[in-house]
Amino acid sequence: MSLWKIVLKNIRQRRLSSTLTAASIAIGVAIVIAVLALRAQTQEGFRQSAFGYELVVGPKRLGALQLVLNTVYHMETSPGNIPWSRYRELEAHKAVAAAVPISVGDSFRGARIVGTTPQFFTAFNYAVDGACFRFDPDRLEQAMAGKEAEGAFEAVAGARSGLRIGDTFRPSHGVDATGDAHAEKWTVVGVMAPTGTPNDRAIFINLDSFYEIRDHRQSSGISAVIVKTKGGSSADRLQYDLNQLPDVMAASPAAVMAEFFGKFDWIPLLFLAIASLVVVMAGVSIFVAIYNSMSERRRPIAILRALGARRSSVLAIILMESLALCAAGAVGGLLLGHLLTAVAGAALSARSGIPMSAVALAPEEFAVLGGVLLLGALAGLLPALQAYRTDIADGLSPSS
Amino acid sequence: MSIVLEGVRKSFRGTPVISIDKLDIPKSAQWIITGASGSGKTTFLNLVSGILAPDAGSITVSGTEITRLGEADRDRFRARSIGIVFQTFNLLQGFTALENVLLGMLFADKVDPDRADALLDRVGLKDKRGQNPDTLSVGQQQRVAIARALANKPEILLADEPTGNLDPKTGESIIGLLKEVCRENGTTLLCVTHQPQVMQSFKDVTDLSCLSGR
């Protein structure tokens with residue numbers, strides 16, 4: 001027998017209201033947890049993915065956001081090209097350390113086909129920690145040679161493209177794989193190690209082989225050029241200069257995504273506010289449930305006091321009950337929140353290519369749990385003080 | 001454990017209820033406390049148990065003047081030295097018979113399930129240990145209450161109209177049980193009642209109305 005046992009008995013005696021109040025806390029906490037996790041992981045995922053690319057250069061008629069989404073995140077359709085000559089100019093520019101052309105427009109089972117050069121895999125770090133693309137260099141050379149082997153071109157597949165070495169595929173026109181399949185067939189000769197970027201869902205082929213596809217002509221240009229500068233202020237200057245040209249535009253993926261998230265940050269904040277309100281209302285319902293039960297608890301409290309329980313003990317019992325309900329709701333909400341993150345994250349990941357983890361704990365989650373426990377303490381405080389003030393003799397009198 | 005009350009006064013909203021100049025209850029005594037309605041019988045028990053503090057006077061239990069203790073110390077004194085049996089049993093619903101007995105040990109910091117089992121055995125309810133009070137007869141409920149009152153090995157057992165809700169036969173057996181277990185443990189028994197048949201079974205009967213000069 002312990003105070004906790006008394007608390008659990010009290011909760012069990014009010015099973016329905018206890019379950020409902022804990023469940024409402026859990027729902028609120030789950031939404032908060034899921035929004036926090038998805039928001040943090042989405043921003044971090046997009047930030048990580050944008051990191052390696054200092055500048056992307058594409059056709060003028062694209063907006064900066066569409067250019068970045070198309071080039072870096074393999075989203076949206078490719079609405080046009082820039083002249084091949086612009087790539088050559090960039091390659092030769094004194095401020096440029098590396099310029100990598102990419103051409104897109106086809107896909108296979110939702111995975112974007114990217115025509116590029118081997119430099120794509122060696123010129124950039126794909127993550128903040130400086131990670132580079134990793135796979136067998138021989139395979140890279142083989143694949144990027146674009147040679148025809150037994151009637152098939154060769155390709156390197158991203159880790160989450162669904163392809164394995166030896167698989168063959170025919171690209172379809174468009175990004176949703178509903179277009180007509182091209183006649184040309186590729187064989188996967190290498191699979192990249194996971195990078196945690198949208199490139200994991202892409203399939204890379206040599207740019208030359210890309211132009212072997214019927215209707216694809218080098219003379220029509222390339223989709224974009226990814227640029228790495230020599231550092232200093234050269235990136236800003238180069239971006240400014242490029243944006244003065246009539247047919248191309250340059251954008252910094254990191255800056256574009258920061259602006260994008262800045263514009264829409266109110267959406268997760270709105271969700272957080274609504275979820276917080278749900279949690280607070282659940283806290284109020286805990287208060288109401290316990291407060292309303294205090295008249296029927298008067299005698300049991302007086303009995304405990306007659307048995308020698310101190311005022312502080314009966315105060316603790318009520319506070320512990322409120323805290324236990326909130327803690328149960330918080331733990332349930334934590335689990336439910338991560339389940340929500342898994343479901344919503346899978347859907348987001350499928351659309352964006354940004355990997356989402358359902359098990360990663362955001363630091364804010366601990367603050368949420370702390371906040372819920374504080375709410376539990378506040379909700380139980382007034383009824384607990386009532387219990388503290390219970391007069392034993394009055395509580396035991398026959399009229400009580 | 002002897003109990004000495006000296007110059008004890010207690011009033012409620014200006015109405016004097018208890019006025020005892022001197023009362024000395026020897027260790028292991030078995031006393032009936034009686035009196036007319038409103039004579040302060042329950043108040044008397046509440047004063048001895050430390051639930052209430054007197055307006056004046058002193059109550060000394062085995063050399064310790066409990067009227068000098070603060071409320072928390074009186075709670076501890078009650079948890080360790082006092083057992084109480086109520087007219088309405090006051091068992092906690094939702095707790096089994098065994099758990100109700102364990103509650104009697106909790107605040108004395110000596111929770112001992114084996115002893116609780118033995119007490120239920122002593123009051124003849126060993127096979128009812130897992131049952132909730134509302135599934136027991138009133139006589140059985142009062143037996144559980146007696147086991148709970150003895151749980152903390154009290155030196156004083158206070159019984160407030162313990163047979164008030166029982167039929168005469170059950171009441172007689174409960175009084176017999178109370179006297180027996182108190183004798184076995186050397187526990188002082190103060191039993192409040194106004195029932196003549198209960199009074200007849202005790203040698204020492206104190207009328208509070210007379211004691212308070214009313």
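Throughout, a chain's letter reflects where its sequence line sits, starting with A, and its residues are numbered from 1. This structure is a prediction, so every number in the text was calculated from the model and none was measured.
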Chemist: Which region of B:Leu106, side chain (C-beta onward) or backbone (N, CA, C, O), has a non-hydrogen atom less than 4.5 Å from a non-hydrogen atom of chain A, or is it both or neither?
Modeler: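 Contact with chain A is through the side chain of B:Leu106 alone.
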Chemist: Under a 4.5 Å heavy-atom cut-off, does chain B meet the side chain of A:Ile303, its backbone, both or neither?
Modeler: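 When you check distances to chain B, only side chain atoms of A:Ile303 fall under 4.5 Å.
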Chemist: Relative to chain A, which segment of B:Asn90 carries a heavy atom at a distance below 4.5 Å: side chain, backbone, both, or neither?
Modeler: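 B:Asn90 touches chain A through backbone and side-chain heavy atoms alike.
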Chemist: Is it the backbone or the side chain of B:Leu103 that comes under 4.5 Å from a heavy atom of chain A, or both, or neither?
Modeler: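 Both parts, backbone and side chain.
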Chemist: So which heavy atom on A:Leu3 is nearest to which on B:Phe107, and how close?
Modeler: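 Looking at all heavy atoms of both residues, the shortest contact is CD2-CE2, 4.0 Å.
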Chemist: Could you tell me the separation between the CG atom of A:Leu396 and the CD atom of B:Gln87, rounded to the nearest 0.5 Å?
Modeler: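 Reported value, rounded in 0.5 Å steps: 12.0 Å.
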Chemist: Which heavy-atom pair separates B:Asn46 from A:Ala393 by the least distance, and what is that distance?
Modeler: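 Scanning both residues completely, I find the closest heavy atoms to be ND2-CB, 3.8 Å.
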Chemist: Give the interface residues of residues 308-324 of chain A toward chain B, defined by a heavy-atom separation under 4.5 Å.
Modeler: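 Within residues 308-324 of chain A, near chain B: A:Gly308, A:Ala309, A:Arg310, A:Arg311, A:Ser313.
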Chemist: With a 3.5 Å distance limit and no angle check, can you tell me whether A:Lys9 reaches the backbone of B:Gly94 through a side-chain donor-acceptor pair?
Modeler: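 Checking the backbone N and O of B:Gly94 against the side chain of A:Lys9, a donor-acceptor pair under 3.5 Å is found.
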Chemist: Is B:Arg148 in contact with chain A via its backbone, its side chain, both, or neither, using a 4.5 Å heavy-atom distance?
Modeler: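 Interface part for B:Arg148: side chain.
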Chemist: How about CD on B:Glu172, more than 12 heavy atoms from neighbouring residues, nucleotides or ligands closer than 6.0 Å, or not?
Modeler: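 Counting neighbours around CD of B:Glu172, 12 or fewer heavy atoms of other residues, nucleotides or ligands fall under 6.0 Å, so no.
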Chemist: For side-chain contact (heavy atoms from CB on, under 4.5 Å), just list the numbers for B:Leu92 and A:Leu304, CA-CA rounded to whole Å, side-chain angles, deciding distance to a tenth of an Å, and then say yes or no.
Modeler: CA-CA 9 Å; B:Leu92 286 191; A:Leu304 291 177; 3.8 Å; yes
Chemist: Quick check: are there more than 12 heavy atoms from other residues, nucleotides or ligands sitting under 6.0 Å from NZ of B:Lys179?
Modeler: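 Buried by this count: over 12 neighbours within 6.0 Å.
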Chemist: Between A:Arg12 and chain B, with a heavy-atom cut-off of 4.5 Å, which part of the residue counts as in contact: side chain, backbone, both or neither?
Modeler: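 For A:Arg12, there is no contact with chain B at all, as no heavy atom is under 4.5 Å.
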Chemist: Within the distance-only criterion (no hydrogens, no angle test), does the side chain of B:Gln93 pair as donor or acceptor with the backbone N or O of A:Gln13 below 3.5 angstrom?
Modeler: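 Not confirmed, B:Gln93 side chain does not pair with A:Gln13 backbone.
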Chemist: Should we count CE of B:Met199 as having more than 12 external heavy atoms under 6.0 Å?
Modeler: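 It does: B:Met199 CE has more than 12 such atoms within range.
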Chemist: side-chain contact (heavy atoms from CB on, under 4.5 Å), that's the test. Do A:Arg299 and B:Thr88 meet it? Break it down for me.
Modeler: CA-CA 11 Å; A:Arg299 180 175 285 271; B:Thr88 50; 3.8 Å; yes
